[in-house]
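Labels below follow one simple rule: chain letters A, B, ... track the order of the sequence lines, proteins then strands, and each chain is numbered from 1. What you see below is based on every heavy atom in this structure, not just the backbone, and it leaves out hydrogens, waters and symmetry mates.
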Number of protein chains: 2
Amino acid sequence: MNASPRRKELTRLAAQLFVQEGFDKTTVRMLAQEMGIKSGSLFHHFKDKQEILAAVIEEGTHNALRIARRALEYSPTDPEARLRTMARAHLETLFTDRNAHVVALFEWRRLDDEAKAHLSHLRDAYEALWVEVIDAALEAGLIHGDRFLVSRFVLGALNWTVRWYDPAGPRTPDDLADELVGMIIPAKR
Amino acid sequence: MNASPRRKELTRLAAQLFVQEGFDKTTVRMLAQEMGIKSGSLFHHFKDKQEILAAVIEEGTHNALRIARRALEYSPTDPEARLRTMARAHLETLFTDRNAHVVALFEWRRLDDEAKAHLSHLRDAYEALWVEVIDAALEAGLIHGDRFLVSRFVLGALNWTVRWYDPAGPRTPDDLADELVGMIIPAKR
DNA sequence: CTCTTACACTAGCGCTTGCTTGGTTACTCA
DNA sequence: TGAGTAACCAAGCAAGCGCTAGTGTAAGAG
């Protein structure tokens, strides 16, 4: 709700700590120290610890949606290019905003029901983009299989990259995206 | 180390709770109650909470390795069949021993360094099976791409199934496995 | 009939947790 | 100049945490 610049910065720091330590192991005292304030002052910005988590996830998902929409807007319209665009956008988002997304992926269950209900709308909107692109690729005969399963598998493969991919290595996120797309569409070289 | 039947049963119950609540949120009192004993008695079976986690993960990974090896043993030897066999074995393990594997996948970071070192050998042995099968498929020209990336993508897609797959639904784990293999090898229907 | 072993219990210690309270400081704007 | 407000702090409470110490009991081994 509130979006003061101070709160945004605190959210960014919280995301980092949540990734490093996990939500449960991150204490309000650790959060406060990282932010350069005392633990009590934290509750001036956030109603409770839960709300910090929700803020982190909301911020991340919001960005992902924005980046993907913009990327599709400027993408060529043929199904293969759009598939590649979505894969690239997904990984771009995943690694520029890494902390927030890792939290969204692995600490989702820690949200209370209210926050989950609110945030799952955002997430569904994002997944809808994927389903749309994959449907087009299926109809064009570019890939084959069940639309539901294909999108789950692709998203799974992409999301799992946060567990092993090292941005400092020789491969760029775009390399990964292209490799994945190349893997699921029949070769034509 | 120790493997009394009592301890094995306790490990199974612990896995269930760890999945339900997460490792950090699961208290020794909750564990004890689920086991029908008092919290103090728990430490007769396990040195500390960490050791329970390690026992859960060890048990699961051990089973996965056993099942995969046995499946490969009885599999036809052509690369496509072996790929399908590994995918099926992976999902079979993932869903018969679901709790243990979810814990292994998502609570790994909670292990102390010593346990990590010990258990990562087991995990590496399992991944080696995958690399071997995927190498054969690449050499046979069945799939294309980088061996490292392909195996990461495939494992990612498979592991991610625990986040969305409902065993009570219409699809069997074998269906999923076949669909995934069908997705990455060029169609020939 | 004793000794050992496995398993469980009661009681609680020492510490950390999320969060509250009551007050202070610095800045903005009429 | 004075009122209002956003940001912070010091102090600490109540609850819950992992784990320990010491004891009891029943079953099997010698």
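The ring pair (Phe, Tyr, Trp, His ring centres under 6.0 Å) analysis of residues 11-38 of chain B, with sequence neighbours excluded, yields the pairs Phe18(B)-Phe23(B). Listed by first and then second residue, the side-chain hydrogen bond (donor to acceptor under 3.5 Å, both in side chains) pairs involving residues 98-115 of chain A are Asp24(A)-Arg110(A) (not counting sequence neighbours). Every pair passing side-chain hydrogen bond (donor to acceptor under 3.5 Å, both in side chains) that includes a residue from residues 9-21 of chain B is listed here, sequence neighbours excluded: Glu9(B)-Arg12(B).
Not counting sequence neighbours, the partners of Asp146(B) by the side-chain hydrogen bond (donor to acceptor under 3.5 Å, both in side chains) test are Arg171(A). Annotation: ring-ring contact (aromatic ring centres under 6.0 Å, His included) contacts of Phe46(A) (sequence neighbours excluded): none. A search for salt bridge (Lys or Arg N to Asp or Glu O under 4.0 Å) contacts involving Glu132(A) returns Arg82(A), not counting sequence neighbours. For Thr96(A), there are no side-chain hydrogen bond (donor to acceptor under 3.5 Å, both in side chains) partners at least two apart in sequence or on another chain.
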Atom pairs and distances, side-chain donor-acceptor, residues 149-161 of chain A, under 3.5 Å, sequence neighbours left out:
{"from": "Ser151(A)", "atom 1": "OG", "to": "Arg147(A)", "atom 2": "O", "distance (Å)": "3.2"}
{"from": "Ser151(A)", "atom 1": "OG", "to": "Phe148(A)", "atom 2": "O", "distance (Å)": "2.9"}
{"from": "Asn159(A)", "atom 1": "OD1", "to": "His90(A)", "atom 2": "NE2", "distance (Å)": "2.9"}
{"from": "Asn159(A)", "atom 1": "ND2", "to": "Leu155(A)", "atom 2": "O", "distance (Å)": "3.3"}
{"from": "Thr161(A)", "atom 1": "OG1", "to": "Leu158(A)", "atom 2": "O", "distance (Å)": "2.4"}

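Between Glu58(A) and His118(A) the shortest side-chain heavy-atom distance falls below 4.5 Å.
Taking 4.0 Å as the cut-off between side-chain N and carboxylate O, Arg69(A) and Glu73(A) do not count as a salt-bridged pair.
Proximity of His44(A) to the phosphate of dA7(D): a side-chain N or O atom is located under 4.0 Å from OP1 or OP2. Applying the 4.0 Å criterion to OP1 and OP2 of dC8(D), one finds that Arg6(A) has a side-chain N or O inside that range.
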Between protein and nucleotides 9-26 of chain D, map the contacts as a letter string: B base, S sugar-phosphate only, - none, heavy atoms under 4.0 Å, written 5' to 3'. BS-B----BBBB------
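When DNA chain C is scanned in the 5' to 3' direction for atoms under 4.0 Å from non-hydrogen atoms of chain A, the outermost contacting nucleotides are dT17(C) to dT20(C).
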Heteroatom pairs (N/O) under 3.5 angstrom, protein to nucleotides 3-5 of chain D:
none

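Pairing analysis of DNA chain C (Watson-Crick: purine N1 to pyrimidine N3 plus N6-O4 or O6-N4; G-U wobble: N1-O2 and O6-N3; both under 3.5 Å) yields stems of 3 or more pairs at C:1-30 with D:1-30.
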